[in-house]
Amino acid sequence: RKEHKTMKHSLLFCLLFFSFLLPAFAGSVDEKVKTADSVYARRDYATAIRLYEEALRSPLSAEREAAVQNNIGCCYFQTKDYGMAVLSFRRALRKESGHAEALHNLRLVESRLEDKFNVSSSVWEGMKEALAESGMLRAAGKWAFWLLLLAVLVAGVRFFSLPEKIRKVSSVVSLLLVLFALMAEGLTFLSPSSSEAENEWVVITETQSHAAPSATSPLQRKLHPGTVVKKVQDYPSSWMSVTLPDGSATYLSTTALKQI
């Protein structure tokens with residue numbers, strides 16, 4: 001019994017310790033981001049990137065990390081490092097697919113890229129992009145939670161001594177709210193899966209694609225920073241087979257790429 005009491009006191013001490021430590025820890029991250037913001041405003045983009053990256057080494061929520069990655073992308077965009085800008089904006093969208101600002105910035109930097117591909121975009125893909133730009137995907141999960149909570153509260157009216165007509169109306173309204181909650185939750189599935197994102201790489205430095213995984217193989221085309229490719233298979237000596245945005249297959253050295 002004495003050991004059990006000692007353990008309880010130890011757990012209580014740990015909880016109290018972390019309750020004091022966490023606000024200070026969160027405050028230090030906030031200070032780093034605020035300092036980076038002020039440095040960015042002074043157009044010292046290299047220092048701002050360093051400070052933002054220091055903030056990323058701390059545990060952050062997905063929403064907060066997406067915001068920091070978006071800021072890093074803005075720094076690279078200002079220095080015309082479009083490869084790193086695309087990488088940062090896409091990392092932001094990987095953390096939060098509905099981040100409207102990162103999506104807008106990504107479209108902006110993509111308009112400056114040298115490589116152009118004939119990519120046919122379906123109506124479905126266009127609708128997903130429109131929803132993301134509107135911010136609906138970003139808020140869909142929260143909508144689902146609050147609609148479901150409201151449905152439970154409305155359904156609880158049935159347990160009160162109210163006229164039968166009001167109780168029936170509450171049942172219908174609660175069912176409608178559940179339906180809307182399911183629709184909102186369904187929007188979250190429009191986001192690309194993590195496995196798809198893990199296979200995406202960005203060209204960081206100008207490079208040549210090859211017909212085989214070897215530097216002595218025939219050249220196919222020159223690729224510039226910012227082009228996004230999808231990995232198919234790894235090969236020895238830092239080579240991989242990839243598909244380009246137009247669906248064509250080629251081989252690239254991984255030294256010119258960074259993984260999203």
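Residue numbers run from 1 in the order of the sequence given.
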Checklist entry - Is there a donor-acceptor contact under 3.5 Å from the side chain of Ser238 to the main chain of Ser253? => result no
Next on the checklist: Is there a path of hydrophobic side-chain contacts, each under 4.5 Å between heavy atoms, that joins Leu51 and Ile49?
Outcome noted: no
Next on the checklist: Can you tell me if Lys116 has over 12 outside heavy atoms packed within less than 6.0 Å of its NZ?
Outcome noted: yes
Checklist entry - Would Arg42 and Thr47 count as a side chain to side chain contact (heavy atoms under 4.5 Å, CB included) if you check the C-alpha gap in whole Å, the side-chain angles of each, and the deciding distance to 0.1 Å? => result CA-CA 10 Å; Arg42 297 199 300 269; Thr47 303; over 6 Å; no
Item to check | Salt bridge flag under 4.0 Å for residues Asp44 and Arg50 | outcome: no
Checklist entry - So how far is it from Arg64 CZ to Lys95 NZ, rounded to the nearest 0.5 Å? => result 14.5 Å
Checklist entry - Does a donor on one side chain sit under 3.5 Å from an acceptor on the other, for Asp81 and Thr79? => result no
Checklist entry - Is Tyr251 reachable from Val228 through a run of hydrophobic residues whose side-chain heavy atoms are each under 4.5 Å from the next? => result no
Checklist entry - What heavy-atom pair brings Glu53 and Ile72 nearest, and what distance separates the two atoms? => result CG-CD1, 3.9 Å
Item to check | Leu103 with Tyr76, same ILVMFWY side-chain cluster at under 4.5 Å | outcome: yes
Item to check | Leu87/Ile260 under side chain to side chain contact (heavy atoms under 4.5 Å, CB included): CA gap, chis, key distance, verdict | outcome: CA-CA 6 Å; Leu87 179 69; Ile260 297 173; 4.0 Å; yes
Next on the checklist: Checking Asp37 against Tyr52 for the side chain to side chain contact (heavy atoms under 4.5 Å, CB included) test, could you report, in this order, the C-alpha distance in whole Å, the side-chain angles of both residues, the deciding distance, and whether it holds?
Outcome noted: CA-CA 9 Å; Asp37 289 341; Tyr52 284 132; 2.4 Å; yes
Checklist entry - About how many Å separate SG of Cys75 and OH of Tyr40, when rounded to the nearest 0.5 Å? => result 6.0 Å
Checklist entry - To the nearest 0.5 Å, what is the distance between NE2 (His104) and CZ (Phe89)? => result 9.0 Å
Next on the checklist: Quick one, Asn105 and Phe77 - any side-chain contact, counting heavy atoms below 4.5 Å?
Outcome noted: no
Checklist entry - What distance do Arg221 atom CZ and Asp115 atom CG have between them, rounded to the nearest 0.5 Å? => result 5.5 Å
Checklist entry - For Lys222, what residues pass the salt bridge (Lys or Arg N to Asp or Glu O under 4.0 Å) criterion, not counting sequence neighbours? => result Glu206
Checklist entry - Does Leu252 share a hydrophobic cluster with Leu219, counting links as ILVMFWY side-chain heavy atoms below 4.5 Å and allowing steps through other members? => result no
Checklist entry - Which pair of non-hydrogen atoms, one from Ala48 and one from Val39, has the smallest distance, and what is that distance? => result N-CG1, 3.7 Å
Checklist outcome for this item: Residues His99 and Ala66: closest non-hydrogen pair is CD2-CB, 3.8 Å
Checklist entry - Are the side chain of Ser88 and the backbone N or O of Asn70 linked by a donor-acceptor pair below 3.5 Å? => result no
Checklist entry - Run the side chain to side chain contact (heavy atoms under 4.5 Å, CB included) check on Glu200 and Arg90 step by step: do they pass? => result CA-CA 10 Å; Glu200 291 184 332; Arg90 284 190 172 268; 3.9 Å; yes
Checklist entry - If two hydrophobic side chains count as joined below 4.5 Å and joins carry through other members, does Leu175 share a cluster with Leu148? => result no
Next on the checklist: Distance check, rounded to the nearest 0.5 Å: Thr254 atom OG1 versus Ile204 atom CD1?
Outcome noted: 12.5 Å
Item to check | Close side-chain approach of Lys80 and Arg112, heavy atoms under 4.5 Å | outcome: no
Checklist outcome for this item: One should read off an interatomic distance between Leu177 CG and Leu182 CG, to the nearest 0.5 angstrom, of 11.0 Å
Checklist entry - Looking only at heavy atoms, which two atoms of Val109 and Tyr82 are closest? And how far apart? => result CG2-CD2, 3.5 Å
Checklist entry - Is the closest side-chain heavy-atom distance between Met240 and Leu257 below 4.5 Å? => result yes
Next on the checklist: Side chains of Val203 and His224, heavy atoms from C-beta outward: is any pair under 4.5 Å?
Outcome noted: no
Checklist outcome for this item: Closest non-hydrogen atoms of Ser174 and Val154, given as atom of the first, atom of the second and distance, are N-CG1, 4.1 Å
Checklist entry - Should Leu244 and Leu223 count as side-chain neighbours, where that means a heavy-atom distance under 4.5 Å? => result yes
Next on the checklist: My understanding is that a hydrophobic cluster links ILVMFWY residues whose side chain heavy atoms are under 4.5 Å apart, including indirect links. Using that, what else belongs to the cluster containing Val232?
Outcome noted: none
Item to check | Nearest heavy-atom neighbours spanning Trp201 and Gln259 | outcome: CE3-N, 3.5 Å
